[in-house]
Every structure is written in structure tokens, then in C-alpha cells.
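Working notes, beginning with the structure itself.
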Amino acid sequence: MSLGVVILAAGQGTRMKSGLAKVLHPLGGRPLLRHVIDTALDLDADRVVVVYGHGGEAVIEAMGEPRTGWVLQEQQLGTGHAVKQAMPLLDGVDRVLVLYGDVPLTLSGTLHRLLRSADEGVLGLLTMDVDDPAGYGRIVRDAEGAVQRIVEHKDADTEEKRIREVNTGILVAQQSWLAEWLDGLNNDNAQGEYYLTDIVGMAVESGMPVSTSGPDAWWEVAGVNDRVQLAQLERIFQRREAERLMRDGVTMLDPARFDLRGTLVCGVDVTIDANVIIEGDVRIGNGVRIGANTVLRSCQIDDDVCVLENCVLENAVIGAGSRVGPFARVRPGAVFERNVHVGNFVEIKNAHIAESAKINHLSYVGDAQVGQRANVGAGAITCNYDGANKHRTVIGDDAFIGSNSALVAPVTIGEGATIGAGSTISRDAPDDRLSLTRARQLVVPGWKRPTKKK
């Protein structure tokens, strides 16, 4: 049977106290709504429709999702009214599944189970037993256990408020029946809204069976209404991702202090220390160690690399056997070949560093090519920017750049060349020669250091 999915995302989210639409607040580096859309697409839905609210054009733009239809709910008149806005775009599908843009962690396996439980001619509800049902709609059953209706908390009497089985809001129904029930909704309730949950009573009155299934964990159906709840789900999401990686063979020295805000693919025998943040698309090879307090952003890290503590690597490729850090910054466009050493307080940007080159201390290398086995000394920099344009520095194989040297680009340092410490090099340096610029050292006789007047 064909499947359509409606995602309700029109809520204003006033409790977030933010100018950003609630469904655009990030969880695991992706907007809440992105998680829900991805789950819907994982179900192989034939059609996905998002219902958004006034000013939600920013939501459409942020998603950039061509596989999704969008419908505006101009007035916030309840969940039933919201689903009704989407029905014209679902004409022709057999079944409709209703999800929520602020409920980000529902597993596709749970939804597949719900879909299997609700065959043709059956309304399917996702329900859950909770210790404290306050605020939830209660599932009212008859003496034989058959679902009769859902009563919202504000409309429930004393006996109904004792019911622990609650409605999660997620349901699946035949499209034709759902359209008919939505047309029959009224807003005669404490909220003055058109409740989607009222269709359950209509289904029972028409003789349609109502099936229920439940999630494996409470957080699958937990919504985000404020920043406290968002933070709670963030930690659940991160713990779940850490456990997945550990089951795949990654050693996490402290899984409670790990943040994945993108995608991570790891080889075997990878060790990740505490407070590591992964953003974008990161790929890590075999035998890699990532030190504490490190940020990896859209990087490729090959086998047997050691990234020491407190490093930031962004849009870079780190070759096998290389060593980076501690306190190194590797910026976009940096490519390291095998066995490169980049040490503490070194910054690399848009530079190709050849095999076995070393840049170990307090240096900046930008817009450069560094040859094999070259050694860049402490405090050396490439002066690549003249205030208007960037220029390139080429350092040949086996070159040695003395400490505290400035290479003024465009400039080429020849193979085997040596640059004397403290030099400012603005012309090409020949192969296998010593080049240096150094002012004569003077001793001033009779000079005395100034003293303060008493």
C-alpha cells in the first residue's frame, strides 16, 4: 500500500523564547525537523508533506528538501485542522502516517511496527504507559481492552486522569477514512481546537478496529517545547550515537562527553578521548587516536594518525602515520601526505605538506607547498597576503627553514636549501645553499637603562 506522511511543524514554540522557529533548533547538529523528515524518507514514503506556520518560509529554505511538499497552516486551530490542510497533497495514497516536527528521535523500526499493526480497515495508534501521565491524552478502553476514544488531559474527569496509557500523537489511518473524519471534527472542547485525537472515537463508532503499539524507549516520542527538553534529548541522542560507535569497535574513553553533529565513519581500533566534537562528514581510518578537546570538521584522517589534545581540524586530509598537535589548527584546503608532523600552536591553511615534513612549533603555513622531509622551524611563517591578494610559497624537498623566519610570498625555497634563523626572505632561495638576511649586531658603549625618578 502506498504511504503518505504528514509532519506537523506549524507550532510557534513560544516557550523556546527564540526568534528561530522551534523545528529549526539543532539536535545533533541538524534541525529537529530534519530528523523527522529523514525518518519519513527512511520509511520509503510515497509522499511527505510538512505543515508549517506563518513566517515558516525560513523553515522551507533551511530544509532545502525537494522530496517534501509544504502546506501553510495560517491559523493555529489544532492538530486536526493542521492535518486537514495537508490532505489535498495526499490524494491518491492508501494510508497516512502523522508525525511531529518537534519529536525528533522516533526510530523507523518503531514506525514500521505501527504500520504493520494497522492493516487495511484498521486505525493504528502509537501509545505508551508512563508513570506520570499529566498533560497527555489518555487512551480509554472498554472492559475487553478495546480502544474507545482518546480524552485530552484538560477534558478528562478524575477517573480518566488515573489512566497511565497515553497518546503519543503518532497515528496511521486509511486516507479515505481520515479525510472523512477530519471533515466531521468540531472544536467543542476546553481548548476550542480541532483535535486530531477525536477521530479515534469516530473510528470506533463506525465499527473500525483500533490497534496500538508502543515505542521501545520513552525518548522516541518525547517532544521539544523548551531548551531544557532540547538539552535532555541532545544528551540522549549523543549517548545513543556513542554506543553505536562503540558497538562498531570504537573505543570511547568517556562516551558521556562526546558530540556527533554530522556523520562519522570509523575504521577499526580507533580511540576517541573526552570532549571530542565531530561536525560535518568525518572519515577516520584504522588505528587512529583522537585526543581530548579536539574538533574535527569535515575531515579525512587516514590510518595510524595521532591527533593530540586541543586541536581543530577543518576540511583537511591527514595522511597515514601523521602526528598533529597538541594545540594545532588545520584549516580548509590543508592536505598532509604520510608521516607529517605538525606540532603545538601551528596553523596550516590551504597548504600541501609532503611526506615526512615537519612543522613542529609556533608556525603559520598558508597558501603553500612544503616538500618531502622539509623542516620548518619554530616561529616561521609564510607571509601570503599583501592586503589585497593571496600569494603562494613553495618549499622544496629537504629544505630547512630556520626559527623565526618570514617567507614573503610569492617565493620559492629550493631543494635542500637552508634559511638562517631570523631571516626575512623575499627572493627565491637556491637549492642546497644557505640564505639569510640579518642585521649587524651592535653594542652601544656607555648606554644606560633609563630609571624612574624618585
Subject >> From CA spacing to verdict: side chain to side chain contact (heavy atoms under 4.5 Å, CB included), Val23, Val50 >> reply: CA-CA 11 Å; Val23 295; Val50 180; over 6 Å; no
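- No more than 12 heavy atoms of other residues, nucleotides or ligands shown are found within 6.0 angstrom of CD on Gln75.
- The OG atom of Ser211 lies 10.0 Å from the CG atom of Leu126; values are rounded to the nearest 0.5 Å.
- For the pair Arg329 and Glu314, the salt-bridge criterion is not met [side-chain N within less than 4.0 Å of a carboxylate O].
- Side-chain contact between Val59 and Trp70: present, with at least one pair of heavy atoms (C-beta onward) separated by less than 4.5 Å.
- Judged purely by distance below 3.5 Å, without hydrogens or angles, the side chains of Asn275 and Asn293 pair a donor atom with an acceptor atom.
- No more than 12 heavy atoms of other residues, nucleotides or ligands lie within 6.0 Å of CG in Asp188, so this atom counts as exposed by the packing criterion.
- Side-chain contact check for His25 versus Met16: some heavy-atom pair is nearer than 4.5 Å.
- Contacts of Asp273 classified as salt bridge (Lys or Arg N to Asp or Glu O under 4.0 Å), with partners at least two apart in sequence or in another chain: Arg289.
- Looking at Ile139 and Val147, their side chains come closer than 4.5 Å, going by heavy atoms from C-beta outward.
- Applying the ring pair (Phe, Tyr, Trp, His ring centres under 6.0 Å) rule to pairs touching residues 317-344 yields Phe327-Phe345, sequence neighbours excluded.
- For the ring pair (Phe, Tyr, Trp, His ring centres under 6.0 Å) condition, the pairs that include at least one residue of residues 226-248, sequence neighbours left out, are His35-Phe237.
- The number of heavy atoms from other shown groups lying within 6.0 Å of CZ (Arg34) is above 12.
- When all heavy atoms are compared, the tightest approach of Val71 to Ala86 is CG2-CA, 4.2 Å.
- Looking at every heavy atom in both residues, Pro255 comes nearest to Arg239 through CG-NH1, 3.6 Å.
- For Gln148 and Asp142, the side-chain atoms include at least one donor-acceptor pair closer than 3.5 Å.
- Between Lys349 and Lys390 there is a side-chain heavy-atom pair separated by less than 4.5 Å.
- Listed by first and then second residue, the ring pair (Phe, Tyr, Trp, His ring centres under 6.0 Å) pairs that reach into residues 280-301 come to none, sequence neighbours excluded.
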Subject >> Residue pair Glu220, Val103: steps toward the side chain to side chain contact (heavy atoms under 4.5 Å, CB included) verdict >> reply: CA-CA 8 Å; Glu220 288 192 61; Val103 181; over 6 Å; no
**OP:** Would you check, one step at a time, whether the test side chain to side chain contact (heavy atoms under 4.5 Å, CB included) holds for Leu27 with Leu105?
**Re:** CA-CA 10 Å; Leu27 183 144; Leu105 298 185; 3.9 Å; yes
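- In this structure, the side chain of Arg113 engages the main chain of Gly214 through a donor-acceptor pair within 3.5 Å.
- Lys22 contributes atom NZ, which lies 12.0 Å from atom CZ of Arg227 (distance to the nearest 0.5 angstrom).
- With contacts defined as side-chain heavy-atom distances shorter than 4.5 Å, the pair Leu182/Leu196 qualifies.
- Taking CG of Asp303 as the reference point, atom CG of Asn286 lies at 4.5 Å (rounded to 0.5 Å).
- Leu313 is not listed as a side-chain neighbour of Val282, based on a closest heavy-atom distance of 4.5 Å or more.
- With rounding to the nearest 0.5 Å, the separation of CG in Asp281 from OG1 in Thr263 is 3.5 Å.
- Side chain of Asp46 to backbone of Gly4: no donor-acceptor contact under 3.5 angstrom is found.
- The closest donor-acceptor contact from the side chain of Thr382 to the backbone of Asn384 lies at 3.5 Å or more, if one exists at all.
- Only one option out of Ile278, Leu264, Ile277 pairs with Leu296 in a side-chain contact (heavy atoms from CB on, under 4.5 Å); it is Ile278.
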Subject >> Stepwise side chain to side chain contact (heavy atoms under 4.5 Å, CB included) test for Asn189 and Glu152 >> reply: CA-CA 9 Å; Asn189 52 62; Glu152 295 298 327; over 6 Å; no
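- In terms of modelled atom types and a separation under 3.5 Å, the side chain of Thr393 and the main chain of Gly366 share no donor-acceptor contact.
- The 12-atom threshold is not exceeded at OH of Tyr136, counting heavy atoms of other residues, nucleotides or ligands nearer than 6.0 Å.
- Annotation: the span from Leu3 atom CG to Leu111 atom CG amounts to 9.5 Å, rounded to 0.5 Å.
- Distance alone, capped at 3.5 Å, places no donor-acceptor pair between the Glu144 side chain and the Arg141 backbone.
- With respect to Pro215, the side-chain contact (heavy atoms from CB on, under 4.5 Å) criterion is satisfied by exactly one of Leu107, Thr106, Thr110: Thr110.
- Not one N or O on the side chain of Thr212 forms a donor-acceptor pair closer than 3.5 Å with the backbone of Leu125.
- When the salt bridge (Lys or Arg N to Asp or Glu O under 4.0 Å) test is applied to Arg247, no partner is found at least two apart in sequence or on another chain.
- Counting only heavy atoms from C-beta outward, the side chains of Pro410 and Arg392 never approach each other to under 4.5 Å.
- Remark: Asp259 engages Arg235 in a salt bridge, criterion side-chain N to carboxylate O under 4.0 Å.
- Residues Glu243 and Met252 form no side-chain contact, since every pair of their non-hydrogen atoms from C-beta on lies 4.5 Å or further apart.
- For the salt bridge (Lys or Arg N to Asp or Glu O under 4.0 Å) criterion with Arg162, the lone passing option out of Glu159, Glu165, Glu160 is Glu159.
- The list of ring pair (Phe, Tyr, Trp, His ring centres under 6.0 Å) pairs with a residue in residues 168-218, not counting sequence neighbours, reads Trp177-Trp181.
- Glu241 and Arg244 are joined by a salt bridge, as a carboxylate oxygen and a charged side-chain nitrogen come within less than 4.0 angstrom of each other.
- With salt bridges taken as basic N to acidic carboxylate O contacts below 4.0 Å, one links Lys84 and Asp183.
- The two atoms that bring Asp302 and Ala320 nearest to each other are CB-N, 3.5 Å, heavy atoms only.
- Side chain of Arg164 to backbone of Val130: a donor-acceptor contact under 3.5 angstrom is found.
- No donor-acceptor pair under 3.5 Å is formed between the side chain of Glu355 and the backbone N or O of Asn339.
- Between Gln174 and Met1 the shortest heavy-atom distance is NE2-SD, 4.3 Å.
- Between the side chain of Arg138 and the main chain of Pro133, a donor-acceptor pair closer than 3.5 Å is present.
- Within a 6.0 Å sphere centred on CZ of Arg283, heavy atoms belonging to other residues, nucleotides or ligands number 12 at most.
- Here the CD1-CD1 distance, from Ile290 to Ile284, works out to 4.5 Å after rounding to the nearest 0.5 Å.
- Closest of all the heavy-atom pairs between Val342 and Val346 is CG1-CG1, 3.5 Å.
- Between Leu90 and Val5, the shortest heavy-atom contact is CD2-N, 4.4 Å.
- Not a single donor-acceptor pair under 3.5 Å links the side chain of Arg149 to the backbone N or O of Val140.
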